[in-house]
Undergrad: 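Below you'll find the structure I mean.
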Amino acid sequence: MTTKNVAEILKADSFLQEVQLKGWVRTFRSNRFIALNDGSTINNIQCVIDFENTPEETLKRITTGAAIAVKGTLAESQGKGQSVEIQVSEIEILGDSNPDEYPIQPKKHSFEFLRENAHLRVRTNTFSAVMRVRSKLSFAVHQYFQERDFNYVNTPIITGTDAEGAGEMFRATTFKDNEAPITEDGKIDYSKDFFGKETSLTVSGQLEAETFAMALGKAYTFGPTFRAENSNTTRHLAEFWMIEPEVAFMDLDGNMDLAEDFIKSVLNSILISCKDDLAFLDQRLTQEEKSKPQAERSEMSLLEKLRFVADNNFKRVSYTEAIDILRNSKPNKKKKFQFPIDQWGADLQSEHERYLVEKHFKCPVILFDYPADIKAFYMRLNDDGKTVRAMDVLFPGIGEMVGGAQREERYDVLVDKMKAMNIDEKELWWYLDLRKFGTAVHSGFGLGFERLVQFTTGMNNIRDVIPFPRTPQNAEF
RNA sequence: UCCUUCUUAGCUCAGUUGGUUAGAGCAUCUGACUGUUAAUCAGAGGGUCCUAGGUUCGAGUCCUAGAGAGGGAGCCA
């Protein structure tokens with residue numbers, strides 16, 4: 001008799017075998033039926049207790065959340081809700097769970113409440129499903145790149161460059177409160193700090209990843225990034241995981257191909273490897289949408305949405321075309337937009353992105369060739385002198401899933417751009433070296449992993465797709 | 001950071017125009033029942049109505065300030 005997990009037992013094709021397993025009690029009904037879960041699958045296995053021959057003392061300790069070990073015989077179920085069950089011959093309580101104090105009950109809890117119990121929420125159906133999908137997705141990400149000869153590069157988490165302008169940074173220092181040395185002009189003297197200069201937590205591994213692309217050809221990062229922005233939305237975290245491929249000799253078209261193929265590929269892989277969890281999440285979302293007014297419900301179920309994205313081409317539209325579409329759109333003419341579109345050059349607001357994705361094209365959209373003024377310094381300037389080879393992949397409900405660009409490979413153009421945008425050339429000497437020695441066309445993008453998990457699981461709030469969310473005013477656990 | 005909504009039992013939520021002792025379902029406890037599917041039935045316990053002021057004969061309800069949370073916006077991935 002070997003210990004098996006619930007997933008293995010539920011797949012078993014022969015009855016009447018002796019099994020033993022360990023797990024946690026989800027519910028205990030009629031003093032007789034334990035719904036046991038061990039995390040290996042969304043499904044529980046029913047363990048049937050011979051309650052007349054089990055001590056009262058033991059029965060009382062079978063409570064929601066308790067850890068138990070059971071031995072018994074796998075048998076065809078006499079009940080309707082499941083095909084197999086375990087006729088228990090031996091039960092041991094491994095860890096009690098006081099029902100008076102245990103916060104997780106066999107009922108619906110709000111996600112807000114569960115967020116405050118993030119250490120226990122993964123014991124619920126929804127969160128265990130989301131976290132298993134997250135894990136499989138993370139594997140699919142590595143698999144996609146590894147199978148295509150990309151090199152995984154671990155870019156530094158502590159960085160000395162504050163040049164990307166991706167957002168406010170968290171400072172990393174060993175100075176104690178009020179003990180930081182001060183320079184003559186009254187500023188904190190970071191030359192005496194641990195690294196001998198001011199350092200922060202990284203906002204992106206892109207610049208470092210470029211150095212690898214310019215040596216190994218294809219590289220990608222997949223690691224934590226940090227933004228000290230005071231943003232309170234369902235799509236932002238202060239600590240999140242970002243996937244950033246970077247490829248030498250690849251232009252913007254290749255970059256768009258890569259982003260689209262990557263997303264489709266990982267979705268296809270998850271549709272196969274997470275069938276049970278996705279089926280549960282699909283139902284959960286459908287149930288949730290029932291409480292919404294008809295107009296706000298989505299036309300497709302979660303699984304339909306995933307298959308739709310995996311099977312259909314993303315719509316590629318230049319910024320200029322997008323502006324035309326928006327300018328002539330009904331909401332713009334009827335002045336329904338909060339920010340009306342009147343001229344070329346304006347940054348698109350999320351209401352505009354949402355119109356393009358959800359109303360006009362009704363599929364993921366890749367916008368490219370943005371005005372240079374509203375994009376970062378390292379993006380390749382087009383021959384028109386006013387647009388850059390940038391691209392954003394926009395998703396329904398999520399907004400910007402991917403932001404990427406062909407990088408400026410010309411030394412002089414890059415230096416001019418940095419000067420114009422007030423970026424210190426001295427600090428990025430190593431980045432400029434890439435353009436000095438063997439420069440080449442190269443491109444890459446950044447994809448927020450949690451947004452991918454959000455889309456895949458149909459979870460509305462990004463705080464519910466990362467184990468322990470870090471947001472303004474919240475770093476519990 | 002701005003706008004907006006919310007905060008009542010362990011959880012999810014009712015609570016009318018300001019009016020007596022603040023309710024329900026689930027959970028918990030006690031008992032009954034035992035092939036149940038978030039089991040069922042009977043009973044019991046459980047409240048700083050977010051905090052501090054104010055208006056009023058009287059405040060869960062109205063006003064002011066504060067705290068926390070949700071949603072939207074901005075920034076972005």
Side-chain angles (χ1 to χ4, degrees), chain A residues 26-35 43-52 59-60 63-65 75-82 85 87 97-117 124-125 164-168 203-206 221-222 224-244 259 292 296 337-339 347-351 353-354 374-376 392-395 398-404 445-455 460-466 471-474 476:
Chain A
R26 281 291 171 80
T27 62
F28 185 38
R29 289 182 291 267
S30 299
N31 234 7
R32 187 171 193 173
F33 305 99
I34 300 171
N43 301 306
N44 302 325
I45 190 154
Q46 175 155 288
C47 303
V48 186
I49 308 269
D50 177 9
F51 66 95
E52 281 159 330
L59 290 175
K60 283 206 163 165
T63 55
T64 303
E76 198 172 347
S77 178
Q78 297 165 36
K80 283 179 186 153
Q82 58 285 315
E85 64 190 16
Q87 297 291 344
S97 174
N98 183 349
D100 235 356
E101 292 171 18
Y102 188 55
I104 311 296
Q105 297 169 10
K107 62 167 283 194
K108 209 177 190 118
H109 292 287
S110 67
F111 288 148
E112 290 90 335
F113 171 74
L114 291 170
R115 250 168 247 155
E116 292 168 8
N117 291 281
T124 64
N125 284 334
E164 217 222 318
E168 289 295 311
V203 292
S204 161
Q206 180 205 314
T221 73
F222 183 9
T225 44
F226 307 86
R227 307 268 167 99
E229 301 287 351
N230 186 14
S231 54
N232 288 287
T233 78
T234 52
R235 308 179 302 281
H236 290 85
L237 291 164
E239 177 181 299
F240 65 102
W241 287 64
M242 189 147 64
I243 299 154
E244 294 172 289
K292 287 185 186 170
E296 287 173 30
F337 283 139
Q338 197 187 337
F339 300 92
D347 208 350
L348 299 182
Q349 308 294 320
S350 55
E351 59 178 348
E353 298 182 348
R354 203 174 300 146
I374 58 174
K375 289 288 180 184
D392 282 355
V393 181
L394 307 177
F395 260 61
I398 310 277
E400 190 177 343
M401 177 77 83
V402 168
F445 61 81
L447 186 151
F449 183 54
E450 281 74 18
R451 291 190 182 171
L452 183 61
V453 182
Q454 257 188 296
F455 181 75
N460 188 45
N461 195 318
I462 200 164
R463 295 164 198 197
D464 297 329
V465 300
I466 187 166
T471 51
Q473 298 304 314
N474 179 28
E476 194 66 53

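The shown structure was predicted, so the numbers you read here are calculated from the model rather than taken from an experiment.
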Undergrad: Using OP1 and OP2 only, check whether a side-chain N or O of A/Ser231 sits under 4.0 Å from B/C76.
TA: no

Undergrad: Of A/Glu116 and A/Lys60, whose closest RNA chain B nucleotide lies nearer the 5' terminus?
TA: A/Lys60

Undergrad: Taking donor-acceptor contacts at under 3.5 Å, does the side chain of A/Glu112 reach the base of B/G70?
TA: no

Undergrad: Below the 4.0 Å mark, does B/G72 have OP1 or OP2 next to a side-chain nitrogen or oxygen of A/Thr233?
TA: no

Undergrad: Kindly write out the residues that satisfy ring-ring contact (aromatic ring centres under 6.0 Å, His included) with A/Phe339, not counting sequence neighbours, or none if the list is empty.
TA: none

Undergrad: Under 4.0 Å: is that the gap between some side-chain N or O of A/Arg235 and OP1 or OP2 of B/A73?
TA: yes

Undergrad: Closest heavy-atom contact between A/Arg235 and A/Ile462?
TA: O-CD1, 3.5 Å

Undergrad: Looking at A/Asn232 and B/U1, is any side-chain donor or acceptor paired with a base atom of the opposite kind under 3.5 Å?
TA: yes

Undergrad: For B/C76, take OP1 and OP2 only and decide whether either is under 4.0 Å from a side-chain N or O of A/Arg227.
TA: no

Undergrad: Within the structure, does a side-chain N or O atom of A/Arg29 lie under 4.0 Å from either OP1 or OP2 of B/A39?
TA: yes

Undergrad: If I take atom CZ from residue A/Arg463 and atom OG1 from residue A/Thr471, how far apart are they, to the nearest 0.5 angstrom?
TA: 4.5 Å

Undergrad: How is A/Leu452 classified with respect to the nucleic acid when contacts are heavy atoms under 4.0 Å: base, sugar-phosphate, or nothing?
TA: nothing

Undergrad: Counting the atoms with a prime plus P, OP1 and OP2 as sugar-phosphate, which does A/Asn461 contact under 4.0 Å by heavy atoms, base, sugar-phosphate, or nothing?
TA: sugar-phosphate

Undergrad: Say we look at B/G66 and B/A27: how far apart would their C1' atoms be, to the nearest angstrom?
TA: 33 Å

Undergrad: Stepwise, does the side-chain contact (heavy atoms from CB on, under 4.5 Å) test hold for A/Leu452 with A/Met401?
TA: CA-CA 7 Å; A/Leu452 183 61; A/Met401 177 77 83; 4.3 Å; yes

Undergrad: Output yes when at least one side-chain N/O atom of A/Gln46 is less than 4.0 Å from OP1 or OP2 of B/U36, else no.
TA: no

Undergrad: Assign each of A/Arg115 and A/Ile374 to its nearest nucleotide of RNA chain B by heavy atoms, then name whichever residue's nucleotide is nearer the 5' end.
TA: A/Arg115

Undergrad: Need the pair for B/G25. Rule: Watson-Crick or G-U wobble, both distances under 3.5 Å, any strand; none if unpaired.
TA: B/C11

Undergrad: If you take atom types as modelled and just measure distance, does the side chain of A/Gln82 reach the base of B/U36 with a donor-acceptor pair under 3.5 Å?
TA: yes

Undergrad: Please state whether the base of B/C76 and the side chain of A/His236 form at least one donor-acceptor pair under 3.5 Å?
TA: yes

